[in-house]
Amino acid sequence: MSVKENLDAVTERIKDASIKAGRNPEDITLIAVSKTKPVELIKEAVAQGVTHFGENRPQEIVEKYSQIDGVKWHLIGQLQKNKVRHIIDKVELIHSVDSLSLAEEIQKRASVIDKVQDILIQVNISGEETKSGVAKEEVINLCRQISCFSHIRIKGLMTISVKDYGENENIALFKELWNISREIEKLNIPNVSMKELSMGMTHDFEEAILAGATMVRIGTAVFGGR
Ligand SMILES: *Cc1c(COP(=O)(O)O)cnc(C)c1O
């Protein structure tokens, strides 16, 4: 299957899931996850109108950034502090902020280039020890702390579901993130918006859309297996 055919199928599935959820498909942003995939394939997606691309390694953003014009890069994987300075001028949104110290580094590097960096807070809903993300009990506190930073804007939350979860478990997990975001919204913390919920990958994006995702991060279904 070509990238075009894959994208047609994914777009249709996003539309169907939105309708099932009583939502407008236009309120859901497809982030095509291009990690490990060559620039030629990314350009095929660009030709189909895709503008948002997700990478989980900073180095890959650095390499691809100069080769493709006019697209928006999303850092969706774990970010080490010493890598922030390499990507700070290149990324639209960092989805994986889960500690105050990482936010401090982003604040520092963003202020050097006079940029206000949009971020999401990654939440570890399931509590699996192996997983990145702040514990759900600590999300509000972290949002309050980061809200004081002049060069960071929190735009919402991100999560990853659990590998072996079935449909209903995924929906429950994603709804939990949605609930946390509504709770934070009610607090009206300055500089903190809860507009975006980044959740759902190839195997669970339909459940995420049902639970309120505004951004779905889809790799395999767009670009094929890795
Ligand atoms: C790789 C990755 C995705 C996309 O995964 P697929 O199953 O290929 O759609 C989404 N989110 C994150 C954080 C990833 O690392």
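Below, all heavy atoms of this structure are taken into account, side chains as well, without hydrogens, waters or symmetry copies. As the structure lists them, so they are numbered: ligands from 1, and atoms in each ligand from 1.
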Inset, instruction - Could you tell me whether ligand 1 has any atom less than 4.0 Å away from a heavy atom of His95? - result: no
Closest non-hydrogen protein atom to [atom], residue and atom name please, with distance?
atom	value
atom 8 (O) of ligand 1	Thr220 OG1, 2.5 Å
atom 9 (O) of ligand 1	Thr202 OG1, 2.5 Å
atom 12 (C) of ligand 1	Ile76 CD1, 3.5 Å
atom 5 (O) of ligand 1	Met201 CE, 3.5 Å
atom 11 (N) of ligand 1	Arg217 NE, 2.9 Å

Legend entry - Sub-3.5 Å N/O-N/O distance, His203 and ligand 1: no
Inset, instruction - Looking only at distances, please establish whether an N/O atom of ligand 1 is found under 3.5 Å from an N/O atom of Ile160. - result: no
Legend entry - Aromatic Tyr65 / basic Lys90 pairing, under 6.0 angstrom, 45° off normal: yes
Legend entry - Identified salt bridge (Lys or Arg N to Asp or Glu O under 4.0 Å) counterpart of Glu55 within the set Lys37, Lys83, Lys64: Lys64
Inset, instruction - Check each atom of ligand 1 against the heavy atoms of Ile218 and keep those under 4.0 Å away; list them by number with element. - result: 9 (O)
Inset, instruction - Tell me, yes or no, whether the heavy-atom count around Glu169 atom CD, taken from other residues, nucleotides or ligands under 6.0 Å, exceeds 12. - result: yes
Inset, instruction - Under 4.0 Å, heavy atoms only, figure out whether ligand 1 is touched by the backbone of Lys35, its side chain, both or neither. - result: side chain
Legend entry - Short side-chain donor-acceptor distance under 3.5 Å, Ser96 and Gln122: no
Legend entry - Residues that Asp8 engages under salt bridge (Lys or Arg N to Asp or Glu O under 4.0 Å), provided they are two or more places apart: Lys4
Inset, instruction - Report yes if some heavy atom in the side chain of Arg217 is under 4.5 Å from a heavy atom in the side chain of His74; otherwise report no. - result: no
Inset, instruction - Look at the side chain of Ser2 and the backbone N and O of Glu5, then say whether any donor-acceptor pair between them is shorter than 3.5 Å. - result: yes
